[in-house]
Amino acid sequence: MILVTGGAGYIGSHTVVELLQAGREVVVIDNLCNGSQEAVRRVERITGKVVPLVEGDIRDRHALDAVFAEHAIEAVIHFAGLKAVGESVAKPLAYYDNNVNGTLVLCEAMAAAGVHRLIFSSSATVYGSEAPVPYLESMPRGSTSNPYGTSKAMVEKVLEDLAAADERWSMALLRYFNPIGAHPSGLIGEDPQGIPNNLMPFIAQVAVGRRDELAIFGNDYPTADGTCERDYLHVVDLAVGHLKALKALEAPGVSVYNLGTGQGISVLEMVKSFTRVTGVEVPYRFGARRPGDLPAFWADAAKAERELGWSTERSLDDMMADTWRWQSANPKGYAG
Ligand code: NAD
Ligand code: UDP
């Protein structure tokens with residue numbers, strides 16, 4: 001049995017589908033601050049399997065102890081956390097509490113239950129602002145520019161120290177690049193609360209008529225078309241990466257993997273691809289740069305391919321088509 005924290009959220013729900021379809025048993029803990037019960041119900045619809053959902057907080061040691069007492073957990077995939085960069089600047093304590101303290105409580109509960117296998121959702125943001133592209137796992141963590149990024153870098157360090165102190169721990173730190181897209185069923189996808197911070201859900205909400213136009217943050221960057229470049233990968237490929245990492249969790253210690261395609265795509269290329277694939281126009285205007293944005297970054301994804309046998313299989317067109325299938329069938333996300 002695999003414990004998935006944050007399994008009612010975007011990446012967690014897609015990973016639970018892949019786990020169940022691979023024959024794994026899963027229990028989810030989620031406090032539903034940014035996830036929904038409906039997502040878990042839809043995972044059940046896709047897979048035809050029951051997903052136990054514990055509505056609880058990873059900072060609640062008693063809730064975790066009860067989960068470990070009730071289920072024979074072999075490993076934990078840890079998605080639970082807060083992820084909005086701008087909000088993290090305004091509410092640093094909430095971010096350090098959820099992301100750092102939450103992980104400490106989780107690890108304490110795991111150790112007490114004798115469970116020492118952990119997969120952690122880290123981020124390309126830990127490479128910091130000075131790192132040259134493509135990012136390689138062997139590069140040092142850089143200087144992060146907001147509490148969200150710092151919380152991910154802090155957790156990575158905590159987990160490394162923990163594994164160094166006790167060789168029973170086996171951990172994978174997965175540094176995600178930019179996950180987008182949705183399950184091809186159209187039943188689950190990304191459902192941000194309020195105004196989306198990220199590009200893909202913003203494009204999808206403009207396309208479905210929930211927002212008037214996309215503001216492209218800056219067109220004077222030193223890139224081919226002046227807009228920022230990112231490494232977008234399909235969320236189902238990302239989910240599959242967790243299954244591969246889980247299989248590889250044998251040796252003691254910490255392994256770090258970039259999960260990306262290895263290719264940068266500009267904001268303008270994203271908008272054009274969306275329209276080409278879906279036939280839906282996305283009105284946009286160029287606006288000011290967003291503070292803290294880097295011009296371009298993408299992964300060197302060779303290590304995950306070499307050691308995990310993982311590489312992305314779904315194309316940018318798949319990402320666009322699947323996003324649109326989800327968004328057009330669920331204009332208001334899980335709310336209707
Ligand atoms: P999400 O917000 O959709 O999912 C996170 C889930 O965790 C939500 O369902 C939320 O309700 C739950 N949660 C938050 N705090 C909790 C707590 N204290 N106790 C229990 N549950 C809690 O986000 P996501 O996009 O699925 O991201 C999953 C993880 O991957 C996060 O840790 C995020 O920082 C990381 N990550 C995401 C991206 C991205 O672009 N989406 C990129 C890099 C890393
Ligand atoms: N972006 C944009 N308009 C938006 C949201 C994002 O132009 O409404 C740009 C943003 O400046 C960045 C890219 O799209 O260059 C990806 O942004 P996102 O927040 O999705 O990912 P991140 O910057 O965190 O990698």
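In this text, all values refer to a predicted model and were calculated from it rather than measured experimentally. Start at 1 and go down the list; that is how both ligands and their atoms are numbered.
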Check: Hey, mind stepping through R42 and N330 against side-chain hydrogen bond (donor to acceptor under 3.5 Å, both in side chains) and telling me if it holds?
Finding: CA-CA 12 Å; R42 296 203 184 174; N330 305 272; 2.8 Å; yes
Margin query: Checking L199 against L214 for the side chain to side chain contact (heavy atoms under 4.5 Å, CB included) test, could you report, in this order, the C-alpha distance in whole Å, the side-chain angles of both residues, the deciding distance, and whether it holds?
Written below: CA-CA 9 Å; L199 178 64; L214 170 74; 3.9 Å; yes
Notebook entry, point to check: T312 and D237: side-chain hydrogen bond (donor to acceptor under 3.5 Å, both in side chains), yes or no, with the steps?
Noted result: CA-CA 6 Å; T312 56; D237 279 329; 4.7 Å; no
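For ligand 2, the 4.0 Å heavy-atom shell contains residues N178, N197, N198, L199, F202, L214, A215, I216, F217, C228, R230, Y232, V267, R290, D293, F297.
With a 6.0 Å cutoff to the six-membered ring centre and a 45° limit on the axis angle, R289 counts as a cation-pi contact of Y221. A cation-pi arrangement is absent between R230 and F177 under the rule of less than 6.0 angstrom and at most 45 degrees off the ring axis.
Considering M319, M320, E229 as possible partners of M270, the one that fulfils the side-chain contact (heavy atoms from CB on, under 4.5 Å) test is M320. Tested against Y135 for a ring-ring contact (aromatic ring centres under 6.0 Å, His included), the candidates Y257, W298, F297 yield a single pass: F297.
By the criterion of a heavy-atom distance under 4.0 Å, neither the backbone nor the side chain of A124 is placed next to ligand 1. Here R59 has side-chain heavy atoms under 4.0 Å from ligand 1, and that is the only part of it that gets that close. With a heavy-atom cut-off of 4.0 Å, K152 touches ligand 1 through its side chain alone. The part of L32 lying near ligand 1 is the backbone, judged by heavy-atom distances below 4.0 Å. At a heavy-atom distance under 4.0 Å, atoms from both the backbone and the side chain of N34 approach ligand 1.
Taking every non-hydrogen atom of S122 and a distance limit under 4.0 Å, the qualifying atoms of ligand 1 come out as 43 (C), 44 (C). Of all the atoms in ligand 1, the ones that sit under 4.0 Å from a non-hydrogen atom of C33 are 10 (C), 11 (O), 13 (N), 14 (C), 15 (N). Close approach to P179 involves these atoms of ligand 1, each under 4.0 Å from a residue heavy atom: 39 (C), 40 (O), 41 (N). Atoms of ligand 1 found under 4.0 Å from any heavy atom of S121, numbered from 1 in the order shown, are 29 (C), 30 (O), 32 (O), 35 (C).
Atom 34 (O) of ligand 1 has its closest protein heavy atom at Y148 OH, 2.8 Å. In terms of protein heavy-atom proximity, atom 4 (O) of ligand 1 is nearest to G9 CA, 3.5 Å. Closest to atom 18 (N) of ligand 1 among all protein heavy atoms lies N98 OD1, 2.7 Å. The single protein non-hydrogen atom nearest to atom 3 (O) of ligand 1 is Y10 N, 2.8 Å, given as residue, atom name and distance. Remark: minimum distance from atom 25 (O) of ligand 1 to any protein heavy atom is reached at K83 NZ, 2.7 Å. Distance from atom 10 (C) of ligand 1 to its nearest protein heavy atom, with residue and atom name: D30 OD1, 3.4 Å. With hydrogens left out, the protein atom closest to atom 19 (N) of ligand 1 is I58 N, 3.0 Å, a heavy atom. When only non-hydrogen protein atoms are considered, atom 17 (C) of ligand 1 lies nearest to N31 ND2, 3.3 Å.
Judged by the shortest distance from any of its heavy atoms, A39 lies outside the 4.0 Å radius around the atoms of ligand 1. Using a non-hydrogen distance threshold of 4.0 Å, G102 does not register as a contact of ligand 1. Contact annotation: N178 has no heavy atom less than 4.0 Å from any atom of ligand 1. Assignment of S36 to the shell around ligand 1 is not supported, since no heavy atom sits closer than 4.0 Å.
Centroid-to-centroid, the aromatic rings of H242 and Y176 come within less than 6.0 Å. Taking the ring centroids of W326 and Y334, they lie under the 6.0 Å cut-off. Ring to ring, H14 and F79 are not that close: their centroids are 6.0 angstrom or more apart.
With hydrogens and angles disregarded, no donor-acceptor distance shorter than 3.5 Å links the side chain of H71 to the backbone of I73.
Remark: E281 CD is loosely packed, at most 12 non-hydrogen atoms of other residues, nucleotides or ligands lying under 6.0 Å away. Within 6.0 Å of the CD atom in E167, the count of heavy atoms belonging to other residues, nucleotides or ligands does not exceed 12. For E25, the CD atom counts as loosely surrounded, since its 6.0 Å shell holds 12 or fewer non-hydrogen atoms of other residues, nucleotides or ligands. Applying the 6.0 Å contact sphere to CD of E213 captures more than 12 heavy atoms from other residues, nucleotides or ligands.
Placement of L64 and V155 within a single hydrophobic cluster is found when ILVMFWY residues are connected by side-chain heavy-atom separations under 4.5 Å, directly or transitively.
Closest heavy-atom approach to atom 14 (C) of ligand 1 within the set G81, G149, P192, G56: this belongs to G81.
Remark: ligand 1 and S123 share no N or O pair separated by less than 3.5 Å (distance only, no angle test). Below 3.5 Å of separation, one finds no N or O of F177 facing any N or O of ligand 1. For the pair I11 and ligand 1, the shortest N or O to N or O distance falls below 3.5 Å.
T261 has its side chain within reach of Q263: a pair of non-hydrogen atoms, C-beta onward, lies under 4.5 Å apart.
In this structure, the ring-ring contact (aromatic ring centres under 6.0 Å, His included) partners of F120, at least two apart in sequence or on a different chain, are H78.
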